[in-house]
Amino acid sequence: METLKRTVTCGALTGADAGKTVTLNGWVNRKRDHGGISFINLRDRYGTTQVVVDADAPESLKAIANELKSEYCVAVEGTVRARPDSMVNPDMATGQIEVVASNLVVLTKCDVLPFQIDDETDAKEELRLRYRYLDLRSGGMQRRIKLRNDVAFAVREHMIGQGFYEIETPTFIKSTPEGARDYLVPSRLYPGKFYALPQSPQLYKQILMVSGFDKYFQIARCYRDEDARGDRQPEFTQIDIEMSFVGRDDVLAMVEGLMGHVFRKTMGLELPAAFKRLSYDEALELYGTDKPDLRFGMEMRDFEPYVAASTFQAFKDALATGAAEREANAAKGVTIQGGGVKALVVPGKADYSRKQIEELEAAARIYRAKGMAWMKVVAASGDSSGEGGKPSLEGGASKFFSANASEIIAGLGAKPGDLILLVADAKRRVANVALGAVRTKLGRDLGLCDPKRFEFAWIVDFPMFEWNEDEQKWDTAHHMFTWPQEKYHPTLESDPGSVKGDLYDLVLNGFELASGSIRIHDPALQKRIFKIVGFDEAEGEKKFGFLTEAFKYGAPPHGGIAPGLDRLVMLMAGETSIKEVIAFPKNSFAVSPMDDCPSEVDQKQLDELHLSIRYPEK
RNA sequence: GGGGGCGUAGCGAAGCUGGUUAUCGCGCCGGCCUGUCAAGCCGGAGAUCGCGGGUUCAAUGCCCGUCGCUCCCGCCA
């Protein structure tokens, strides 16, 4: 190998190198044999270089060239030659030159490929994962893995530059209740005891604040034993951050600086110095989700004001039921929302077919909407000039609103040619979420989601508690260590439903990119929260005792956040699945088709771990 | 736990309401070709239509079951 070791990479040579003798190592990307002359595109991770075996080359060289096939790993010795003007390939970084081979050595051969290695492969995901090493050779995967590297580097560069320490926390930790299911690791030394893999370094980073480390970050692997999704894997990476002596705005500003640096450094993009902020309530009312895609507007409107004057009984019933439920709960001291009727005006889509509208309705039904009403706004009839008369409503549910059609059209700001979509529910949240899902689908269908645009926003003022109807108790909406906003401290117990937490999510193009909060550092307040959610104090002591104990020793006020690295890189790469930016991801059943993980283990190993398996009955 | 979709040569797909030798592109094999860069041209091989059962004179197609994959809801503090 010594004499065949590369002197340059396949992405390096330019016209200035003409005449040089070089050695290249790489893979045969493509071969084009023209009888006398043949071309080999040699590829490595730096690029592709055209290698030529000339017509007057020795027969022995031609013979080797003849045997080359796709993805053979080869070494080439040769001379750099400038291509004649007419043969320059402007689409190729090295397109000005080619390397005239004087020696070709096959380092290793390659079997017939299970799928072709292309920038954007059309092979099914299962196959790509099974042969991930081949998939990773593709231009697309190479670019995304590089981007991921660049982003991780930029993160470290920025954070350390800002005075943060990167500190590793354990990946064998104590299993804690609440939250997602833990992955467990059995202990050999302690029969019946288990380590858990962390869902996040949450408790450790808070303890690091107690220890005075002030500004901490870590690019941390996290594990959650829940079903996978496009943007969810059983193991994933987050940029875990915690700071002391800060309030919410300090954390937000820090992340704005971080994102600004990462996008500038890796993509040459300048982000706004500060991101838009929306309250959770606003986000839900306007977009029907706490992770709105702000690349397009199409905000939802309240439709309740128009229900009374209409004859649409379904809407009236939804509101009446919602009001009754709200009052029944209020009598118990539980603040909940009532019903809701929401409207979405889709500009210029009055020409949508019944089928298209039904597809939108299906999106609403997935989120438990009972149905979706619609009507079309049409220009005044009987007036061919289109002037003078008022626009009116037609089709769908319009007959129920004939009495106040003009008021509705004006109130919603709708124009002739627009489509109005309506969802009502006794639970306001259902109406919001269902119609919000329709908005999201429309954004995609109408091509309003430009993958080159990055619309960040902060969602703030999340509710602290959620009413659990099944168990008739309060749960924390996020985690139990979240700081309730100061102004609610006097009324925590008397009106939990109104309490907002000092919580903040960073959203980007419809994805939750980061979630964080100011934490409780006061043991007394922590006890109150435990009590409100009915978390047994003795149990809490056993599970989180080390944290509450630590807080007794001069805990600083602190807060943090954790942007997801996979999701960030996914969005930067214009992808919709984090599998595209993870070298070796699991499939949707948490299985790695390449190495067939998870797998069974020897009885000997089980014995050592004091485990016996009880298989589920079929 | 629930719902939608998919399963046809190595890969990606077509195959309309059941009816001769199951089609196309890429790849693969062989041949031709001195300038291609998604090379081109000619020829060829390659499929128990995921698996099992049923209906039928006849099933890739219809029905039932099963397995695998995929997306979504729930779940993911």
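Naming convention: chains lettered A, B, ... in sequence-line order (proteins, then strands); numbering from 1 in each chain.
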Could you tell me the separation between the [atom1] atom of [X] and the [atom2] atom of [N], rounded to a whole number of Å?
X	N	atom1	atom2	value
A:Asp33	B:G31	CG	P	10 Å
A:Ile37	B:G35	CD1	P	7 Å
A:Arg43	B:A38	CZ	P	15 Å
A:Asn66	B:C33	CG	P	13 Å
A:Leu42	B:C37	CG	C1'	14 Å
A:Tyr72	B:C28	OH	P	11 Å
A:Met92	B:A39	CE	C1'	14 Å
A:Met87	B:U36	CE	P	6 Å

Considering only NZ, NE, NH1 and NH2 on the basic side and carboxylate oxygens on the acidic side, decide whether [X] and [Y] come within less than 4.0 Å.
X	Y	answer
A:Arg128	A:Asp118	no
A:Lys69	A:Asp111	no
A:Glu580	A:Arg143	no
A:Lys291	A:Asp505	no
A:Glu242	A:Arg519	yes
A:Asp135	A:Arg137	no

When the [atom1] atoms of [M] and [N] are compared, how many Å lie between them, rounded to an integer?
N	M	atom1	answer
B:G12	B:C6	C1'	14 Å
B:U56	B:C72	C1'	38 Å
B:C16	B:C62	C1'	15 Å
B:G65	B:G27	C1'	36 Å
B:A9	B:G50	C1'	14 Å
B:G52	B:G4	P	26 Å
B:C64	B:A22	P	28 Å
B:C37	B:C26	P	15 Å

Residue that, paired with A:Glu125, satisfies salt bridge (Lys or Arg N to Asp or Glu O under 4.0 Å) out of A:Arg132, A:Lys579, A:Arg130: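 It is A:Lys579; the other options fail the test.
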Categorize [X] for me: base, sugar-phosphate, or nothing, with a 4.0 angstrom heavy-atom threshold over every strand shown.
X	value
A:Glu466	nothing
A:Arg519	nothing
A:Asn89	base
A:Ala362	nothing
A:Gly36	sugar-phosphate

For this session: For the residue pair A:Tyr223 and A:Tyr183, categorise the inter-ring angle as parallel (less than 30°), tilted (30 to 60°) or perpendicular (more than 60°).
Result: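 It falls in the perpendicular class, over 60°.
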Could you tell me how the ring of A:Phe481 sits relative to the ring of A:His479: parallel (under 30°), tilted (30 to 60°) or perpendicular (over 60°)?
tilted
Original post:
Partner of B:C62 by Watson-Crick or G-U wobble geometry, both contacts under 3.5 Å, or none?
Top reply: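 Result: B:G54.
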Counting only Watson-Crick or G-U wobble pairs whose two distances fall under 3.5 Å, which nucleotide matches B:C6?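 Paired with B:C6, as far as the under-3.5 Å criterion goes, is B:G68.
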Evaluate whether the aromatic ring of A:Phe39 and the six-membered ring of the B:U36 base sit under 5.5 Å apart, centre to centre, with an inclination under 30°.
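Given the distance and angle limits, yes, they stack.
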### Query
Does the side-chain ring of A:His34 lie flat on the base of B:G35, meaning centres under 5.5 Å and planes less than 30 degrees apart?
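Taking the rule of under 5.5 Å and under 30°, the ring of A:His34 does not stack on B:G35.
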Atom pairs and distances, donor-acceptor, side-chain atoms in residues 195-204 of chain A, under 3.5 Å, two or more places apart:
residue, atom, partner, partner atom, Å
A:Gln199, OE1, A:Ala180, N, 3.1
A:Gln199, NE2, A:Ala180, O, 2.6
A:Gln199, NE2, A:Asp182, OD1, 2.6
A:Ser200, OG, A:Gln202, N, 3.1
A:Gln202, NE2, A:Gln206, OE1, 2.8

Looking at A:His558 versus A:Trp483, is the centre-to-centre ring distance below 6.0 Å?
no
Taking for A:Gln50 and for A:His479 the nucleotide of RNA chain B with the nearest heavy atom, the one nearer the 5' end belongs to A:Gln50
Per nearest nucleotide of RNA chain B, the residue lying toward the 5' end, A:Leu127 or A:Asp56, is A:Leu127
Could you list the protein-to-nucleotides 23-27 of chain B atom pairs, N/O on both sides, closer than 3.5 Å?
residue, atom, partner, partner atom, Å
B:C26, O2', A:Gln116, OE1, 2.8
B:C26, O2', A:Gln116, NE2, 2.5
B:C26, O2, A:Gln116, OE1, 3.3
B:G27, O4', A:Gln116, OE1, 3.3

On the nucleotide B:A39, are OP1 or OP2 found under 4.0 Å from the side-chain N or O atoms that A:Arg32 carries? yes
| request: Kindly compute the distance separating CD1 (A:Ile459) from OH (A:Tyr287), expressed to the nearest 0.5 Å. | output: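 A:Ile459 atom CD1 to A:Tyr287 atom OH measures 9.0 Å (nearest 0.5 Å).
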Whether each nucleotide of nucleotides 69-76 of chain B has a protein heavy atom under 4.0 Å at its base (B), only at its sugar-phosphate (S) or at neither (-) is summarised, 5' to 3', as SSSSBBBB
